[in-house]
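Step one of this worksheet: look at the structure below.
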Amino acid sequence: MNLDRIYMDYNATTPPEPEVIKAVTEALQEAWGNPSSNYIAGAKAKAIINHSRENVARMVGGKAEDIIFTSGGTEANNLVIHTAVEHFRKNCRAAEQGEAHSNGCTGLPHIIISNVEHDSVRLVAEHLQRDGKADVTSVPVSKTTARVEVEDVIAAVRPNTCLISVMLANNETGAIMPIQEICQRIKSLNKQHERLRILLHTDAAQALGKIRVDACELGVDYLTIVGHKFYAPRIGALYVNGPGTRTPLYPMLFGGGQERNFRPGTENTPMIAGLGKAAELVTSNLSDYESHMRSTKLYLEERLRAVFKDRIRFNSHYPGSDNLPNTCNVSILGPTLQGWRVLSNCRRLLASVGAACHSGSGNRPSHILLNCGVPSEVAANALRLSVGRGTTKEDVDIVVEDLRETVQLLEEMN
């Protein structure tokens, strides 16, 4: 039973690259000083932070001043939603005093999300709605494409809409959302009306390090960056297109003025150093990473088809939709082959049935898959197999054989 396990859960988290570990370790040893201090260890910390900020900005096609370091994706997403609501309130107060146009300032701030968002967007929006602080529209994704459709987003816009937050790629299906088209349409709306500007946000957690991401090309105001999804430590950042100037940003925390007061707290230099190094690796090697993951995933799908034939259903294949190069969501059909049961009996494979943050929801089928039109009995059997930079064809062969043996075992037990 001490066989090496094979990890295929890279959408949940990734191991830090050796170069990232080296950058973190060096910062711990040599840049332990407070970045706000003038002595050598502090100055070194400040220089590392500045260099990392440039690397992270380059990875997403922004400028260094557009990057705000956060504790992770959850904080970044909360910061965006908090900002949108606060910005709406400030504009309404100004309108009441005759200092701004009043169009859109009746009622509560209105937020549009998709019905497949990560919990750090969905639950914040739901919390604000429950507390009577915002109205929320959750636009359903198409059951044909698993994408949120541009026309459905536009149809949901109201005069008091202040924010649209749609993820760049889904963590379970791998479906890539039409963010650029949504942004183009909303920018036209913003120009047409004397109205409060609708702010545009995408959570790019699953896309970074797998596909090219350029915030300027997408046209977003905010983009969430999550380090541990691209072989960096558990730290994050928020891209803001001109924070506090072109694009509003209101702090949730108040303190010592770090991160230009947008996110105070003494900077976590070692983790920021790791994030910067990981971003540099993505910028240099993305095409290699992407093509390796894509060919490995295609080989995985080919082997699964060869072994399980017509008993296999891919929950990550949607006509007309692009999807992530590394994500294979698959169900093996059979009354005893629920995803959790298959995984708990596998000897080699380490994977998940869906988003790691939903692991406390028991053995219910993923609401993401159900929302994408996957039938309940198929969704219950889902396995999310996500490959990484180092996954080999040999790993795939071992995993598929492990699944074949596990399926046989479960069916014999029944």
Side-chain angles (χ1 to χ4, degrees), residues 11-12 60 68 70-88 108-131 133-141 146-150 152-153 156-157 161-179 182-183 186 198-208 213 215 218-229 234 236-240 247-250 252 263 324 354-361 366-372:
N11 283 6
V60 298
I68 311 294
T70 65
S71 61
T74 295
E75 185 190 338
N77 288 342
N78 275 259
L79 187 52
V80 169
I81 295 169
H82 162 82
T83 288
V85 170
E86 184 69 13
H87 189 58
F88 181 90
L108 294 170
H110 176 236
I111 297 166
I112 298 172
I113 62 173
S114 81
N115 70 342
V116 295
E117 291 304 307
H118 188 269
D119 279 355
S120 60
V121 167
R122 182 176 68 88
L123 295 180
V124 189
E126 286 176 4
H127 169 75
L128 289 170
Q129 181 149 286
R130 264 195 317 275
D131 274 10
K133 292 176 180 169
D135 279 335
V136 179
T137 300
S138 182
V139 175
V141 293
R147 308 190 324 165
V148 61
E149 297 300 334
V150 180
D152 294 339
V153 173
V157 171
T161 301
C162 64
L163 175 70
I164 296 172
S165 179
V166 175
M167 58 175 30
L168 186 47
N170 185 263
N171 48 330
E172 293 192 30
T173 64
I176 296 168
M177 304 293 172
I179 301 302
I182 291 169
C183 291
I186 294 299
I198 301 169
L199 299 166
L200 297 155
H201 168 239
T202 193
D203 179 346
Q206 288 296 338
L208 288 163
V213 175
L218 290 170
V220 291
D221 297 306
Y222 310 96
L223 183 141
T224 294
I225 298 160
V226 182
H228 75 99
K229 305 292 188 183
R234 290 200 173 93
L238 180 65
Y239 159 89
V240 185
T247 305
L249 189 65
Y250 298 106
M252 290 194 296
R263 203 287 185 181
L324 291 174
C357 51
H358 299 153
S359 58
S361 62
S366 157
H367 75 274
I368 301 283
L369 295 184
L370 297 177
N371 286 345
C372 293

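Note that CD1 of Ile111 and CD1 of Ile198 are 12.5 Å apart. Values are rounded to the nearest 0.5 Å. For the atom pair Leu123 CG and Ile81 CD1, the distance stands at 10.0 Å (nearest 0.5 Å). The line from CD1 of Ile113 to CD1 of Ile164 is 12.0 Å long, rounded to the nearest 0.5 Å. Expressed to the nearest 0.5 Å, how far OG of Ser165 lies from CD of Glu117 amounts to 5.0 Å. Taking OG of Ser138 as the reference point, atom CG of Asn115 lies at 4.5 Å (rounded to 0.5 Å). Here the CE atom belonging to Met167 is positioned 12.5 Å from the CD1 atom belonging to Ile176, to the nearest 0.5 angstrom.
A 4.5 Å side-chain heavy-atom check between Val136 and Leu128 finds every atom pair outside the cut-off. Residues Cys162 and His87 have side chains not in contact (no heavy-atom distance under 4.5 Å, counting atoms from C-beta outward).
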For this session: Report the C-alpha distance between His127 and Val124 in whole Å, list the side-chain angles of each, state the deciding distance to 0.1 Å, and finish with yes or no for side chain to side chain contact (heavy atoms under 4.5 Å, CB included).
Result: CA-CA 5 Å; His127 169 75; Val124 189; 5.6 Å; no
For this session: Please assess Ile186 against Val157 for the test side chain to side chain contact (heavy atoms under 4.5 Å, CB included), listing each intermediate value before the final yes or no.
Result: CA-CA 9 Å; Ile186 294 299; Val157 171; 3.9 Å; yes
Problem set entry | Steps toward side chain to side chain contact (heavy atoms under 4.5 Å, CB included) verdict (Leu238, Arg263) | CA-CA 10 Å; Leu238 180 65; Arg263 203 287 185 181; over 6 Å; no
For this session: Would you please test Ile112 and Val139 for side chain to side chain contact (heavy atoms under 4.5 Å, CB included) and show each step?
Result: CA-CA 7 Å; Ile112 298 172; Val139 175; 3.7 Å; yes
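Under a 3.5 Å cut-off, the side chain of Gln206 and the backbone N or O of Asn11 do form a donor-acceptor pair. Between the side chain of Glu172 and the main chain of Ile368, no donor-acceptor pair closer than 3.5 Å is present. Of the possible polar contacts, none joining the Thr161 side chain to the His110 backbone as a donor-acceptor pair under 3.5 Å is found. Judged purely by atom type and a 3.5 angstrom limit, Thr247 has no side-chain atom pairing as donor or acceptor with the backbone of Val240. A donor-acceptor pair is defined here as one N or O able to donate and one able to accept, closer than 3.5 Å; no such pair exists between the side chain of Thr224 and the backbone of Ala204.
What you find for Leu223 and Ala215 is that their closest heavy atoms are CD1-CB, 4.2 Å. A pairwise comparison of heavy atoms in Ala76 and Ala237 identifies CB-O, 4.0 Å as the closest pair. Residue Lys229 comes nearest to Ala12 through the heavy atom pair NZ-O, 2.9 Å, listed as atom of the first residue, atom of the second, then distance. Heavy atoms only, all atoms of each residue included: Tyr222 and Thr83 are closest at OH-CG2, 3.4 Å. Counting all heavy atoms, side chain and backbone alike, Ala84 lies closest to Leu163 at CB-CB, 3.6 Å. Taking both residues in full, the closest heavy atoms of Leu324 and Ala207 are given as CD2-CA, 4.2 Å, listed atom of the first, atom of the second, then distance.
Counted by atom type alone, Asp203 and Asn77 present one or more donor-acceptor pairs between their side chains at under 3.5 Å.
When the options Asp152, Leu218, Val150 are evaluated for a side-chain contact (heavy atoms from CB on, under 4.5 Å) with Ile182, the one that passes is Val150.
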